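Every value quoted in this text rests on a predicted model; they were computed, and no experiment measured them.
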Amino acid sequence: MDFELPESHRALQSSLRDFCERQVKPYAGQWDKEEKFPMEVVRELGQLGVMGILVGEKYGGAAMDSLAVAVAVEEIARYDGSLALTVASHNGLGTSHLRVFGNAAQHEKFLPKLATGEYLGAWGLTEPGSGSDASGMKTTAVRQGNDWVLNGTKMFITQGTVGDVFVVLAVTAPEKRQKGITAFLLEKGMPGFSQRAIHGKLGMRSSDTAELILENVVVPDSSRVGEVNHGFIDTMKILDRGRITIGALAVGLARGALEESARYSKERTAFGQPIGEFQALRWMMADMKTETDAARLLVHRAARLADAGQPYSREAAMAKLFASEAAMRASSKAVQIHGGYGYTREFPVERYLRDAKLCEIGEGTSEIQRTIIARETFKGA
């Protein structure tokens, strides 16, 4: 295995580090406090090519790979988990579902604008009563001639109010359960399609989250994404790649927690010396560094497998599971190292801790990841 990033990926990493130091780090805390979605910064990321990493050059994208997405998401998450979640969701969910399973006409119409960040993509799977258990989905799509009529509600949808293009999953054959789900393409402003912003989140507060309401939304069959009743199978493939990006996001948060702790421990003194000289704190940071690097290796392994066209479901689950829990441990230790100041908004580590929690929940909880890992392991036993 090659542990060195390709030159193109290192260039992406370097440009994003410079960008985040200037455009993200000084403002992330205020965005979090105000629950403000930083649209201007997202547009600037689009101009840098970050919103179309996986989109082909034909449509104005960077035509890079899953490893590049992981590199970009980690670099941004080191400064702001919410902004990293926007980039991860846009690239890995809504845009990717359309990119992988959409038809040529859909590609021509939407990918150029999604690739530049002019449009933001969103993806509607989770509902008020169904998350991990997609068979509990209640949103329906009923065929009427050449159209489909959609009714239902989607919950906790990233880019829910700021998104322009939505890939929404709906039940088209209830008797088939998971095998009776189909994906549809919706646009903001369609009759019967509305969004309600969700505020008061624990973390990822400047990431846009919403409830989607569909009341007799009529879409033509040309807006169907993929085959009828094939949506859930396609969704599983999208989620596998999405878990790689959430793992990368967790790595970025863990890295940020470590770097902030190392800086603080050099400046803060107690008993006549920097607190970083005390063995207890050094051991905390040794554990943080070890787990962060291990998590990154798991994420990059899964990404490289995906890019090579090899099976990677188990590896993606392992990366997401370990990285998210490592991020929680690292950010909790960071708060401890900062002492009373770590419990305030004066330092970013409390935000990292709040943001990291989502990584254990979103795109499959830790418990679901363990189920996947065990299932795939027993297959080969």
*Asks:* What I'd like to find out is whether the side chain of E376 reaches to under 4.5 Å of the side chain of K379, using heavy atoms alone.
*Replies:* yes

*Asks:* Spell out, as yes or no, whether a donor-acceptor pair under 3.5 Å connects the side chain of T365 to the backbone of I361.
*Replies:* no

*Asks:* As a quick check of understanding, evaluate salt bridge (charged side-chain N to carboxylate O under 4.0 Å, His left out) for R329 and E291, giving each step before the final call.
*Replies:* CA-CA 9 Å; R329 290 189 290 269; E291 292 195 353; 2.9 Å; yes

*Asks:* Hey, what's the ring geometry for F271 with F278, parallel, tilted or perpendicular (30° and 60° as the breaks)?
*Replies:* perpendicular

*Asks:* Between I238 and G92, which heavy-atom pair has the shortest distance, and what is it?
*Replies:* CG2-O, 3.5 Å

*Asks:* More than 12 foreign heavy atoms under 6.0 Å from CD of Q178: is that the case here?
*Replies:* yes

*Asks:* Nearest 0.5 Å, what's the CH2-CG distance between W123 and L212?
*Replies:* 12.5 Å

*Asks:* Check whether any side-chain heavy atom of D293 lies under 4.5 Å from a side-chain heavy atom of K289, and answer yes or no.
*Replies:* yes

*Asks:* Check for a donor-acceptor pair, side chain of D164 on one end and backbone N or O of L120 on the other, with a separation under 3.5 Å.
*Replies:* yes

*Asks:* Between the side chain of K154 and the main-chain N/O of L169, is any donor-acceptor distance below 3.5 Å?
*Replies:* yes

*Asks:* I need the single residue from V165, V167, L54, L111 that forms a side chain to side chain contact (heavy atoms under 4.5 Å, CB included) with T95. Which is it?
*Replies:* L111

*Asks:* State whether the side chain of T371 and the backbone N or O of E367 hold a donor-acceptor pair below 3.5 Å, judged by distance alone.
*Replies:* yes

*Asks:* Report the distance from atom CG of L258 to atom CD1 of I337, rounding to the nearest 0.5 Å.
*Replies:* 8.0 Å

*Asks:* How far apart are the C-alpha atoms of C20 and K25, what are their side-chain angles, what is the distance that settles it, and do they pass the side chain to side chain contact (heavy atoms under 4.5 Å, CB included) test?
*Replies:* CA-CA 6 Å; C20 289; K25 184 177 181 179; 6.0 Å; no

*Asks:* Check whether H90 reaches the backbone of L114 with its side chain - one donor and one acceptor, N or O, closer than 3.5 Å.
*Replies:* yes

*Asks:* Could you report the tightest heavy-atom contact between C359 and L249, atom names first, then the distance?
*Replies:* SG-CD2, 3.8 Å

*Asks:* Report the distance from atom CZ of R351 to atom CG of D80, rounding to the nearest 0.5 Å.
*Replies:* 5.5 Å

*Asks:* Run the salt-bridge test on R22 and D18 with the 4.0 Å N-O cut-off and return the result as yes or no.
*Replies:* no

*Asks:* Would you mind reporting whether V171 and K138 have side-chain heavy atoms less than 4.5 Å apart?
*Replies:* no

*Asks:* Counting C-beta onward and ignoring hydrogens, is there a side-chain heavy-atom pair between F3 and H300 closer than 4.5 Å?
*Replies:* no

*Asks:* Are the side chains of T86 and I76 in touch, meaning some heavy atoms are under 4.5 Å apart?
*Replies:* no

*Asks:* To the nearest 0.5 Å, what is the distance between OG1 (T292) and CG (D287)?
*Replies:* 10.0 Å

*Asks:* Regarding S66 and D307, do their side chains bring together a donor and an acceptor under 3.5 Å, going by distance alone?
*Replies:* yes

*Asks:* Under a single-linkage definition using a 4.5 Å side-chain heavy-atom cutoff for Ile, Leu, Val, Met, Phe, Trp and Tyr, are L125 and F156 assigned to the same hydrophobic cluster?
*Replies:* no

*Asks:* Within this structure, what is the OG-CZ distance for the pair S207 and F37, rounded to the nearest 0.5 Å?
*Replies:* 7.0 Å

*Asks:* Of all the heavy-atom pairs spanning I181 and R177, show the shortest one and how long it is.
*Replies:* CG1-O, 3.9 Å

*Asks:* Taking all atoms of both residues into account, what is the closest heavy-atom pair of S206 and P38, and its distance?
*Replies:* O-CD, 3.8 Å

*Asks:* Contact between P128 and M155 at the side-chain level, heavy atoms closer than 4.5 Å - yes or no?
*Replies:* yes

*Asks:* Taking the side chain from N91 and the backbone from V50, do they hold a donor-acceptor pair closer than 3.5 Å?
*Replies:* yes

*Asks:* Answer whether the closest heavy-atom distance between the side chains of R205 and R354 falls below 4.5 Å.
*Replies:* yes

*Asks:* Counting only N and O atoms by type, is there a donor-acceptor contact under 3.5 Å from the side chain of S89 to the main-chain atoms of L85?
*Replies:* no

*Asks:* Counting only heavy atoms from other residues, nucleotides and ligands, does the tally under 6.0 Å from OH of Y59 exceed 12?
*Replies:* yes

*Asks:* Distance check, rounded to the nearest 0.5 Å: Q369 atom CD versus I372 atom CD1?
*Replies:* 4.5 Å

*Asks:* Just so I know, are the side chains of R301 and E315 near enough to count as touching, which here means a heavy-atom distance under 4.5 Å?
*Replies:* yes

*Asks:* Once salt bridge (Lys or Arg N to Asp or Glu O under 4.0 Å) is applied, what residue pairs with a partner in residues 45-62 remain, sequence neighbours excluded?
*Replies:* K58-E108

*Asks:* Counting only N and O atoms by type, is there a donor-acceptor contact under 3.5 Å from the side chain of S130 to the main-chain atoms of T126?
*Replies:* no

*Asks:* Please list all pairs meeting side-chain hydrogen bond (donor to acceptor under 3.5 Å, both in side chains) that have one or both residues in residues 208-229, counting only residues at least two apart or in different chains.
*Replies:* W148-D221, N151-N216, T161-D208, T172-N229, R196-E211, K201-T209, D221-R224

*Asks:* Looking at E7 and R10, does any basic side-chain N land under 4.0 Å from a carboxylate oxygen?
*Replies:* no

*Asks:* Is a donor on one side and an acceptor on the other found under 3.5 Å between the side chain of H9 and the backbone of L5?
*Replies:* no

*Asks:* Over all heavy atoms of both residues, which pair between A257 and S261 is shortest? Give the atoms and the distance, please.
*Replies:* O-OG, 2.7 Å

*Asks:* S331 side chain to A327 main-chain N or O, any donor-acceptor pair under 3.5 Å?
*Replies:* yes

*Asks:* How close do G49 and A62 get, counting heavy atoms only, and between which atoms?
*Replies:* O-CB, 4.2 Å

*Asks:* Within the 3.5 Å criterion, strictly below it, is a donor on E127 or T139 matched to an acceptor on the partner's side chain?
*Replies:* yes

*Asks:* When you look at F166 and F184, which way does the ring pair (Phe, Tyr, Trp, His ring centres under 6.0 Å) test go after all the steps?
*Replies:* CA-CA 8 Å; F166 300 75; F184 296 91; over 10 Å; no

*Asks:* Tell me the salt bridge (Lys or Arg N to Asp or Glu O under 4.0 Å) pairs involving residues 59-79, sequence neighbours left out?
*Replies:* R17-E75, E74-R255, E74-R296, E75-R255, R78-E259, R78-E260

